[in-house]
Trainee: 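Encoded as structure tokens, here's the structure I'll be asking about.
Letters go in sequence order (proteins before strands), and every chain restarts at 1. Only this structure's heavy atoms are used, side chains among them; waters, hydrogens and symmetry mates stay out. These figures come from a predicted structure and were not determined experimentally.
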Amino acid sequence: MSEHKRKEWPLWEVFVRGQHGLSHRHVGSLHAPDAEMAINNARDVYTRRSEGVSLWVVPADAITATSPGDKEPLFEPANDKVYRHPTFYDIPDEIGHM
Amino acid sequence: MGVETIRKPADTRVAVKPAFDLALRMGDNALILAQRNAAWCGHAPALEEDIALANVALDLIGQAKLWLGYAGELEGEGRSADDLAFLRDGREFRNVLLVETPNGDFGQTTMRQWLYDSWHHFMLEGLKASSDERIVEIAEKSAKEVAYHLERSTDLVIRLGDGTDESHKRMQDALDYLWPFARELDVADDADRAIAAAGIGPDLASVAEKALAYRSEALSQATLTAPTDAVPRKGGKAGVHSEAFGFMLAEMQVLQRTHPGVKW
Amino acid sequence: MYAQKVESTGARPKSLDEMDPQERAFQERIDANIKIEPKEWMPEGYRKTLIRQISQHAHSEIVGQLPEGNWITRAPTLDRKAILLAKVQDEAGHGLYLYCAAETLGVTRDQLTEQLLSGKAKYSSIFNYPTLTWADIGAIGWLVDGAAIMNQVPLQRCSYGPYSRAMIRVCKEESFHQRQGYDIMMVLSKGSEEQRAMAQDALNRWWWPSLMMFGPSDAESVHSAQSMAWGIKQDSNDDLRQKFVDQTVPQAEYLGLKVPDDDIVWNEAKNDGKGGYDFGEVNWDEFFDVLAGNGPCNAERLGARVKAWEDGAWFRDGLMAHADKQAARKIAA
């Protein structure tokens with residue numbers, strides 16, 4: 001196609017807040033020359049069916065992720081801490097919702 | 001148009017004709033611009049742009065339905081939005097020449113969209129103060145969509161104007177070509193004056209002033225220069241269109257014309 | 001389907017005993033229905049096969065915009081115009097999601113695009129047939145999207161996380177595509193004599209190419225066996241084709257249209273005694289011919305994509321140049 005190597009639009013990860021009060025959730029990615037255009041493109045691509053009230057875009061290469069090999073040391077200790085989960089505690093029914 | 005013959009109570013008869021004219025003009029502009037933009041679907045320079053331009057076209061088709069539907073009601077002869085879109089001849093269309101200009105390259109399409117958006121936005125602001133409630137309703141719904149159209153097209157014009165030498169040149173060429181057509185939006189004819197006099201729509205000179213100020217600001221950021229001595233290219237409002245328009249209508253209307261009176 | 005002939009490693013799947021510990025752990029995760037995510041270890045064959053499959057799927061969405069896109073400017077009512085435009089726009093969106101899924105495997109969208117435009121990559125044979133009348137828009141929605149959905153629904157469960165998630169989104173959005181097509185067919189088949197004839201003609205022309213979408217029989221294919229073991233293909237081509245015929249024949253009857261196959265007859269014994277339709281043999285010579293580039297519209301379809309890409313280069317470059325300038329200005333300020 002092109003004689004010289006053209007610069008490709010960078011990849012962005014898109015996060016949508018579906019409703020007020022909810023967290024932003026990753027919905028997919030897209031290409032755009034910069035952040036402002038990524039926001040516009042995200043609106044057009046990922047909220048065509050009025051799916052959101054707020055958008056985040058993040059350059060895909062700015063995300064630092066756990067590497068798959070980390071899985072055990074990073075996540076397994078938490079499995080022991082069952083006391084962090086509400087169902088760990090037996091609350092008598094008479095107390096009502098807690 | 002059959003509007004002149006409508007029998008209405010004396011106090012509303014005066015405003016019916018200007019409201020009809022206004023609805024028809026707004027509807028035809030939206031329809032024809034949507035038709036042009038829709039032809040890009042599957043052919044745009046990037047997937048993200050393909051999707052974005054289709055969104056604009058979809059908004060405009062929706063607006064055309066509302067405007068033309070209302071025009072049909074005002075006319076009172078039982079013509080639907082579809083009848084008005086698909087069964088009128090070219091001489092009966094009231095869109096400005098700008099929106100029917102050929103797509104050209106994507107820069108020309110972008111520039112056409114921006115010139116229309118930057119008028120459309122202020123026009124709709126004016127129509128929100130219309131004496132006709134239905135027009136206010138349609139304007140309010142459309143204005144939300146058009147605010148985004150304008151934001152997006154302005155952004156593109158600035159970026160492409162201040163991009164590479166080639167993108168700058170293409171945008172300047174598009175501006176030189178389209179600017180005279182955009183001026184038809186600003187020049188009031190008898191119908192426009194009657195619309196303003198009846199309180200149906202704003203005075204076009206005030207819309208033009210706001211549009212011009214907005215455009216000047218964006219063009220300076222875009223490092224583009226508007227022609228100063230452009231003679232308006234007009235005719236569309238009076239139904240005198242370009243040669244290209246006939247081909248466009250032939251394509252758009254082919255099924256309704258070939259198979260009259262059936263359901264689709 | 002949208003990815004009709006995806007070559008895998010060409011070898012039969014290994015048994016767990018033949019695998020080294022890393023590969024065995026990978027296979028066991030797939031067998032346990034645990035999703036594989038980007039950057040996790042995966043066999044090179046899995047990665048390459050997925051790139052081929054996902055990109056073929058993406059290319060098919062993009063090229064698939066063209067035959068229907070033909071009729072956007074001629075749609076007969078404002079509603080039909082909006083529906084068709086929204087549908088073809090969705091296809092661009094689905095291509096976009098799928099390219100992004102492929103990109104998580106270490107290729108870029110521009111690289112995949114170049115493969116399509118150079119003719120190296122394949123896309124579904126179905127899009128090399130012409131849309132000649134408005135009824136073709138109905139037939140494509142009904143038959144082509146109907147066939148596509150049949151394949152895409154199980155792909156929501158595929159083993160690769162990004163592909164699976166893209167398919168979930170695609171399936172959700174596509175739910176209206178087949179229905180709008182059938183709706184067009186219902187209106188036409190209840191319409192004037194010309195409209196009925198138009199509907200029947202469209203069914204005649206699109207029926208066999210739709211059956212070809214599932215690809216040739218893969219009962220003996222090592223490629224399919226490997227893809228199934230990897231959880232990136234769920235059903236055999238023949239099973240899906242049978243399911244499609246069983247679903248579609250009654251829909252055609254409801255429309256009062258005749259499926260162009262005299263061999264169609266109900267067979268009680270089929271589908272493990274649940275019954276199903278026998279049907280005639282697909283013309284596979286035609287299929288391979290179209291896939292090889294000799295279909296009625298191959299040159300036009302690829303030509304349109306090449307033109308869009310080349311004509312749009314200045315636009316993409318202009319926007320990138322502006323973004324670079326702005327970034328430089330920010331640093332300078």
Trainee: Do you know the tightest heavy-atom contact between C:Ala82 and B:Leu58?
Mentor: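 Looking at all heavy atoms of both residues, the shortest contact is O-CD2, 3.3 Å.
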Trainee: Could you tell me which of B:Glu48, B:Lys263, B:His259, B:Gln253 has the largest number of non-hydrogen atom pairs under 4.5 Å with chain C?
Mentor: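 Among the listed options, the one with the most contacts to chain C is B:Glu48.
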Trainee: Is the backbone N or O of B:Gly42 less than 3.5 Å from a side-chain atom of C:Gln89, with the two atoms forming a donor-acceptor pair by type?
Mentor: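 It does not hold such a pair.
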Trainee: Can a donor-acceptor pair be found, under 3.5 Å and without considering hydrogens, that links the side chain of C:Arg316 to the backbone of B:Pro45?
Mentor: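 Answer holds: yes.
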Trainee: Any donor and acceptor pair, going by atom type alone, linking the side chain of C:His322 with main-chain N or O of B:Asp162 inside 3.5 Å?
Mentor: yes
Trainee: According to ring pair (Phe, Tyr, Trp, His ring centres under 6.0 Å), who are the partners of C:Tyr182, at least two apart in sequence or on a separate chain?
Mentor: C:Trp142
Trainee: Pick one of side chain, backbone, both or neither for B:Phe106, based on which atoms fall under 4.5 Å of a heavy atom in chain C.
Mentor: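 Contact with chain C involves both backbone and side-chain atoms of B:Phe106.
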Trainee: Could you tell me the separation between the CG atom of B:Asp82 and the CG atom of C:Asp79, rounded to the nearest 0.5 Å?
Mentor: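 The CG atom of B:Asp82 sits 6.5 Å away from the CG atom of C:Asp79.
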Trainee: Ignoring hydrogens and geometry, is there a side-chain-to-backbone donor-acceptor pair from B:Glu251 to C:Thr73 under 3.5 Å?
Mentor: no
Trainee: Flag yes if more than 12 heavy atoms outside B:Arg257 fall under 6.0 Å of its CZ atom; otherwise flag no.
Mentor: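 Correct, the count exceeds 12.
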Trainee: Go through C:Leu96, C:Val88, C:Asp183 and name the one with the most non-hydrogen pairs under 4.5 angstrom from chain B.
Mentor: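 Counting heavy-atom pairs under 4.5 Å, the top option is C:Leu96.
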Trainee: Taking every non-hydrogen pair under 4.5 Å, which of B:Asn55, B:Asp50, B:Leu47 racks up the most with chain C?
Mentor: B:Leu47
Trainee: Among B:His43, B:Arg170, B:Lys65, single out the residue with the greatest number of heavy-atom pairs under 4.5 Å to chain C.
Mentor: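 Max contact count across the listed options: B:Arg170.
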Trainee: Give, as side chain, backbone, both or neither, the part of C:Met186 having an atom under 4.5 angstrom from any heavy atom of chain B.
Mentor: neither
Trainee: To the nearest 0.5 Å, tell me how far B:Thr258 OG1 sits from C:Arg74 CZ.
Mentor: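 Here the interatomic distance stands at 10.5 Å.
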Trainee: Hey, which of B:Ala250, B:Gly161, B:Cys41 has the most heavy atom pairs under 4.5 Å with chain C?
Mentor: B:Cys41
Trainee: Which atoms of C:Arg80 come close to chain B, meaning under 4.5 Å heavy atom to heavy atom: side chain ones, backbone ones, both, or neither?
Mentor: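 Side chain of C:Arg80 only, per the 4.5 Å heavy-atom cut-off to chain B.
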Trainee: Counting heavy-atom pairs closer than 4.5 Å to chain B, which one of C:Ile72, C:Asp90, C:Val187, C:Thr77 comes out on top?
Mentor: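 That would be C:Thr77.
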Trainee: Do any N or O atoms from the side chain of B:Gln256 and from the backbone of C:Pro76 form a donor-acceptor pair under 3.5 angstrom?
Mentor: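 Yes; judged by distance alone, with no hydrogens or angles, the pair exists.
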Trainee: As an exercise: rank C:Glu91, C:Arg109, C:Glu194 by heavy-atom pairs under 4.5 Å with chain B and give me the winner.
Mentor: C:Arg109
Trainee: Once you round to the nearest 0.5 Å, how far does CG of C:Leu85 lie from CG of B:Asn37?
Mentor: 9.5 Å
Trainee: Can you give me the closest heavy-atom contact between B:Ser167 and C:Gly318, atom names plus distance?
Mentor: OG-CA, 3.8 Å
Trainee: Mind ranking C:Ala92, C:Ala304, C:Gly69, C:Gly64 by heavy-atom pairs under 4.5 Å with chain B and telling me who comes out on top?
Mentor: C:Ala92
Trainee: Which heavy atom of C:Ala321 sits nearest a heavy atom of B:Thr164, and at what distance?
Mentor: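 Answer, listing the atom of C:Ala321 first, then B:Thr164: CB-CG2, 3.6 Å.
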Trainee: Is it the side chain or the backbone of C:Leu319 that comes within 4.5 Å of chain B heavy atoms, both, or neither?
Mentor: both
Trainee: Using heavy-atom distances under 4.5 Å, tell me whether B:Met248 contacts chain C through its side chain, its backbone, both, or neither.
Mentor: neither
Trainee: By a 4.5 Å heavy-atom criterion (distance strictly below it), what part of C:Ile62 contacts chain B: side chain, backbone, both, or neither?
Mentor: side chain
Trainee: Where on B:Leu31 is there a heavy atom nearer than 4.5 Å to chain C: the side chain, the backbone, both, or neither?
Mentor: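 The answer is the side chain of B:Leu31.
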Trainee: Apply side-chain contact (heavy atoms from CB on, under 4.5 Å) to C:Phe315 and B:Glu49, showing your working.
Mentor: CA-CA 10 Å; C:Phe315 177 90; B:Glu49 284 306 319; 3.4 Å; yes
Trainee: Is a side-chain donor or acceptor of C:Lys325 paired with a backbone partner of B:Gly163 at a separation under 3.5 angstrom?
Mentor: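 Yes: the side chain of C:Lys325 pairs with the backbone of B:Gly163.
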Trainee: At a heavy-atom separation under 4.5 Å, does C:Leu66 approach chain B through its side chain, its backbone, both, or neither?
Mentor: side chain
Trainee: If you compare all heavy atoms of C:Ala308 against all heavy atoms of B:Ala44, which two are closest, and at what distance to 0.1 Å?
Mentor: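 Shortest heavy-atom separation between C:Ala308 and B:Ala44 comes out as CB-O, 4.1 Å.
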Trainee: Atom CD1 in B:Ile61, atom CG in C:Leu78: separation rounded to 0.5 Å?
Mentor: 7.5 Å
Trainee: With distance as the sole test, does B:Glu166 use its side chain to make a donor-acceptor pair with the main-chain N or O of C:Trp314 at under 3.5 Å?
Mentor: no
Trainee: Can you tell me which portion of C:Ala313 sits under 4.5 Å from chain B's heavy atoms? Options are side chain, backbone, both or neither.
Mentor: neither
Trainee: Regarding C:Lys81 and B:Gln35, is there a side-chain donor-to-acceptor distance under 3.5 Å anywhere?
Mentor: yes
Trainee: Side chain from CB out, backbone as N, CA, C, O: work out which of these in C:Gln195 comes under 4.5 Å of a heavy atom of chain B, or both, or neither.
Mentor: side chain
